[in-house]
Amino acid sequence: MSMFRSKRLDLGCFVNVKVIRDHTKRKVFAEHEQERQALRYIIRNLSLPARTRAQAQLQLAQMHCYTRPTQIRNRCIEGGKGRGVLRDFKMTRYNFRMNALAGSIPGVKKAAW
């Protein structure tokens with residue numbers, strides 16, 4: 001894990017440690033995505049010899065867990081929470097509601113019917 005730590009971070013845009021970790025996971029995943037896809041293609045290709053496919057499986061299993069897409073979690077840009085996050089706005093439900101009522105989200109207003 002220490003190999004993925006950033007040397008210098010501008011802490012102004014990060015809320016807490018979990019957000020920093022998620023940012024690191026996103027960067028590492030983006031760097032290794034092509035390699036993971038190539039290994040997965042080799043594993044699924046039945047025309048290749050079994051030994052080659054087994055070696056690709058081992059390489060994929062030995063890659064760091066931060067290279068997996070399942071490690072990435074959507075987090076709130078304001079509070080850093082990982083639950084109840086609306087994807088379109090990258091905010092939790094509560095923060096979205098407060099910003100919508102304050103009128104700070106363009107195009108969003110309270111429903112009235």
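Here, residue 1 is the first one in the sequence, and each next residue gets the next number.
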Colleague: When rounded to the nearest 0.5 angstrom, what is the spacing between CG in L58 and CD1 in I43?
Modeller: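 Here the rounded value is 9.0 Å.
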
Colleague: Can N74 and K90 be said to form a side chain to side chain contact (heavy atoms under 4.5 Å, CB included), step by step?
Modeller: CA-CA 7 Å; N74 290 334; K90 296 182 183 176; over 6 Å; no

Colleague: Report the residues that fulfil ring pair (Phe, Tyr, Trp, His ring centres under 6.0 Å) with F29, sequence neighbours left out, ordered by chain and then residue number.
Modeller: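 Counting only residues at least two positions away or on another chain, F29 forms no ring pair (Phe, Tyr, Trp, His ring centres under 6.0 Å).
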
Colleague: Is a donor on one side and an acceptor on the other found under 3.5 Å between the side chain of S104 and the backbone of A100?
Modeller: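 Judged by distance alone, no pair lies under 3.5 Å.
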
Colleague: Hey, could you give me the CG/CD distance between L39 and Q62, rounded to the nearest 0.5 Å?
Modeller: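 Those atoms lie 11.0 Å apart.
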
Colleague: Excluding sequence neighbours, so at least two apart, what forms ring pair (Phe, Tyr, Trp, His ring centres under 6.0 Å) with Y94?
Modeller: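 Not a single residue meets the ring pair (Phe, Tyr, Trp, His ring centres under 6.0 Å) criterion with Y94.
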
Colleague: Working note: V28 + H64, criterion side chain to side chain contact (heavy atoms under 4.5 Å, CB included); need CA distance, chi angles, decisive distance, verdict.
Modeller: CA-CA 9 Å; V28 171; H64 197 273; 5.7 Å; no

Colleague: What I'd like to find out is whether the side chain of R40 reaches to under 4.5 Å of the side chain of L60, using heavy atoms alone.
Modeller: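 When only atoms from C-beta onward are counted, L60 and R40 do touch, with a gap below 4.5 Å.
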
Colleague: Heavy-atom count around K81 NZ within 6.0 Å, excluding the residue itself: above 12?
Modeller: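 Counting neighbours around NZ of K81, 12 or fewer heavy atoms of other residues, nucleotides or ligands fall under 6.0 Å, so no.
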
Colleague: To check you understand the geometry: which heavy-atom pair defines the closest contact between G80 and V19, and what is its length?
Modeller: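 Taking every non-hydrogen atom into account, CA-CG2, 3.6 Å.
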
Colleague: For a 4.5 angstrom cut-off between non-hydrogen side-chain atoms, does K110 reach R97?
Modeller: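 Not in contact.
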
Colleague: Distance from M98 atom CE to T92 atom OG1, nearest 0.5 Å?
Modeller: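 That separation rounds to 10.0 Å.
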
Colleague: Go through F89 and V108 one step at a time and tell me if the side chain to side chain contact (heavy atoms under 4.5 Å, CB included) criterion holds.
Modeller: CA-CA 11 Å; F89 300 97; V108 177; 3.9 Å; yes

Colleague: Taking all non-hydrogen atoms of both residues into account, name the closest pair between P69 and R36 and its distance.
Modeller: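 Heavy atoms of P69 and R36 come nearest at CD-NE, 4.3 Å.
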
Colleague: Do you know which two heavy atoms are closest between R68 and M63, and how far apart they sit?
Modeller: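 Smallest heavy-atom distance, with atoms named: NH2-O, 4.5 Å.
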
Colleague: Do side-chain atoms of N99 reach the backbone of N95 as a donor and acceptor pair under 3.5 angstrom?
Modeller: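 Checked: pair present.
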
Colleague: How many angstroms lie between atom CD1 of I77 and atom CZ of R75, to the nearest 0.5 angstrom?
Modeller: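 The CD1 atom of I77 sits 14.0 Å away from the CZ atom of R75.
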
Colleague: Show your working on side chain to side chain contact (heavy atoms under 4.5 Å, CB included) between V85 and R93 and close with a plain yes or no.
Modeller: CA-CA 6 Å; V85 178; R93 295 171 291 154; over 6 Å; no

Colleague: Going by an N to O cut-off under 4.0 Å, is there a salt bridge joining K18 and D22?
Modeller: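 A salt bridge is absent here (no side-chain N lies under 4.0 Å from a carboxylate O).
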
Colleague: Would Y66 and I72 show up in the same hydrophobic cluster when neighbours are defined by side-chain heavy atoms closer than 4.5 Å?
Modeller: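 No.
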
Colleague: Is there a path of hydrophobic side-chain contacts, each under 4.5 Å between heavy atoms of I, L, V, M, F, W or Y residues, that connects M91 with L101?
Modeller: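 Hydrophobic grouping puts M91 apart from L101.
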
Colleague: Rounded to the nearest 0.5 Å, what separates atom CZ in R73 from atom CZ in R26?
Modeller: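 The CZ atom of R73 sits 11.0 Å away from the CZ atom of R26.
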
Colleague: Members other than I42 in its cluster, when Ile, Leu, Val, Met, Phe, Trp, Tyr link by side-chain heavy atoms under 4.5 Å?
Modeller: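 Via sub-4.5 Å side-chain contacts, I42 links to L48.
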
